[in-house]
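Right, one structure below, let's go through it.
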Amino acid sequence: MTVLWILLGVLAAIILLLCLPLTLRLSWLPKPEPCLLTDEVNKEIEALDLPQTDRQLLRQMVEQTKAPPVTENQLKVDVKVLLFTIHLFPFAQKKKVTPKKQQKQPQKKQEKASDSNEQKPKTSEILAMLPQLWQCAKKPIRMVLGDVCLHHLKLYGVVSREDTAQSALEAQKFSTLLYTLLGMVQNIGRVKRTDIRIEPDFWGSGQERWQLRFSLTVHPIVAVAAAVRFAACFLRQLLSRKETDKPQQKDSTSCTTDGGKSAPQTQGANQ
């Protein structure tokens, strides 16, 4: 009995975890400005044998100096569940290990021919099943997309062209395109807290600047329910297809048996 209660508790915990929202956060923002006062700079300042007040003033001057402007953006992808965050990108770079060279073994031509012959019927069967797969996948896809929530969307952009009038026209085109895409997304799923600003570059700096940040929230239980619904629909269609194929086979076998019996009867009538 205790084993049953333990299994029920584990099952309830899994269902509770699946019901928790899963948030994917993506940001494409400028890289943070590098700090010029590094450990190496501190060591060089200590090596100058200056008084302590001069060292502090020199450190303050190095801290106050501005680093060169950063033009590149950095991509960050995180997954958040309750209070836990998992950094997906950028991930810690591991040391590359030089793989050992493997001796290439020549493949036999007969094996290639057999593999190609086996793949042809498989591909034909898959192509024949595509309409059934699409019919079964329509409602599960709607379930998953209806559960997705796009929120905290922030998109800032500065469009720069040769002429100020041309940059203003391009900025207007970008804004209309983005708002139409946002309307299409609202028809499919949920959208909350959006902030889109596209401005032309009237200062003539000649550099375009883009910043993007948004979050996607889903519930894993909905994805599991959609997968179960798809599997049940597909199995139902496979069973119905097998049932429709069985009467055809019976009809073909009955025709062959009738043809074998009719031959001796006609011979007796002729005698």
Side-chain angles (χ1 to χ4, degrees), residues 10-33 70-94 130-160 170-201 207-234:
V10 171
L11 183 62
I14 292 170
I15 293 170
L16 182 62
L17 288 173
L18 291 174
C19 291
L20 294 175
L22 185 70
T23 303
L24 177 70
R25 296 185 299 184
L26 188 143
S27 62
W28 192 56
L29 302 173
K31 293 181 180 179
E33 294 182 356
V70 179
T71 56
E72 295 180 356
N73 288 6
Q74 186 178 10
L75 179 65
K76 291 183 180 180
V77 182
D78 300 331
V79 174
K80 185 179 179 182
V81 181
L82 290 178
L83 300 175
F84 302 99
T85 56
I86 302 169
H87 300 286
L88 298 180
F89 187 85
F91 45 84
Q93 295 181 355
K94 296 181 180 179
L130 283 177
Q132 296 179 355
L133 290 171
W134 175 243
Q135 288 180 359
C136 292
K138 281 182 181 179
K139 292 181 179 179
I141 289 171
R142 288 177 184 173
M143 286 176 62
V144 175
L145 292 177
D147 181 62
V148 175
C149 180
L150 175 66
H151 55 93
H152 292 92
L153 173 65
K154 292 182 180 180
L155 178 60
Y156 302 148
V158 177
V159 181
S160 178
E170 290 292 330
Q172 189 176 3
K173 288 180 182 178
F174 274 113
S175 60
T176 51
L177 178 62
L178 290 170
Y179 277 109
T180 51
L181 290 173
L182 185 63
M184 292 171 65
V185 173
Q186 286 179 350
N187 292 328
I188 297 170
R190 295 177 295 166
V191 179
K192 295 180 180 179
R193 296 179 185 178
T194 59
D195 187 7
I196 298 174
R197 298 178 188 176
I198 308 296
E199 298 177 355
D201 184 12
Q207 292 182 356
E208 291 189 355
R209 296 182 295 276
W210 295 92
Q211 297 180 14
L212 176 64
R213 181 184 293 171
F214 67 89
S215 299
L216 290 172
T217 301
V218 295
H219 294 84
I221 192 70
V222 177
V224 173
V228 171
R229 187 172 185 175
F230 172 76
C233 178
F234 188 64

The ring-ring contact (aromatic ring centres under 6.0 Å, His included) partners of F174 (sequence neighbours excluded) come to W210
For R197, salt bridge (charged side-chain N to carboxylate O under 4.0 Å, His left out) partners two or more places apart | D195
CD/Q211 to CH2/W28 distance, rounded to the nearest 0.5 angstrom?
-> 9.5 Å
Of all residues at least two apart in sequence or in a different chain, which pass the side chain to side chain donor-acceptor pair (under 3.5 Å) check with R193?
-> H152
Kindly write out the residues that satisfy side chain to side chain contact (heavy atoms under 4.5 Å, CB included) with L181, not counting sequence neighbours, or none if the list is empty.
-> L177, M184
With a cut-off of 6.0 Å (strictly less than), are more than 12 heavy atoms of other residues, nucleotides or ligands near CD of Q186?
-> yes
Separation of S175 OG from I198 CD1 (nearest 0.5 Å) = 7.0 Å
By side chain to side chain contact (heavy atoms under 4.5 Å, CB included) - contacts of N187 (at least two apart) = none
Give the C-alpha distance, both sets of side-chain angles, the deciding distance and a yes or no for side-chain contact (heavy atoms from CB on, under 4.5 Å) between L133 and L130.
-> CA-CA 5 Å; L133 290 171; L130 283 177; 4.3 Å; yes
Residues in side chain to side chain contact (heavy atoms under 4.5 Å, CB included) contact with L18, at least two apart in sequence or another chain = I14, P220, I221, V224
Under a 4.5 Å cut-off applied to non-hydrogen side-chain atoms, are Y156 and L29 in contact?
-> no
Side-chain contact test, heavy atoms from C-beta onward, threshold under 4.5 Å: evaluate it for C233 versus Q135 and give yes or no.
-> no
Here the gap from R209 atom CZ to S160 atom OG, rounded to the nearest 0.5 Å, amounts to 8.0 Å
Pairs involving residues 217-229, ordered by first then second residue, that meet side chain to side chain donor-acceptor pair (under 3.5 Å) (sequence neighbours left out) | T23-T217, D147-H219, H151-T217
Calculate, to the nearest 0.5 Å, the distance between atoms CZ and OG1 belonging to F214 and T194 respectively.
-> 13.5 Å
Which heavy-atom pair separates D78 from L88 by the least distance, and what is that distance?
-> OD1-N, 4.3 Å
In Å, rounded to the nearest 0.5 Å, how long is the span from CG of L216 to CG of L26?
-> 8.5 Å
Can you tell me how far the CG atom of L212 sits from the CG atom of L75, to the nearest 0.5 Å?
-> 9.0 Å
Are any of the side-chain heavy atoms of L153 and V191 separated by less than 4.5 Å?
-> no
Quick one: list whatever passes side chain to side chain contact (heavy atoms under 4.5 Å, CB included) with E199, sequence neighbours left out.
-> none
Taking every heavy atom of C136 against every heavy atom of F234, the minimum-distance pair comes out as SG-N, 3.6 Å
With a 4.5 Å heavy-atom cut-off, do K76 and P90 have their side chains touching?
-> yes
Would you indicate whether the side-chain heavy atoms of R25 and T85 approach each other to under 4.5 Å?
-> yes
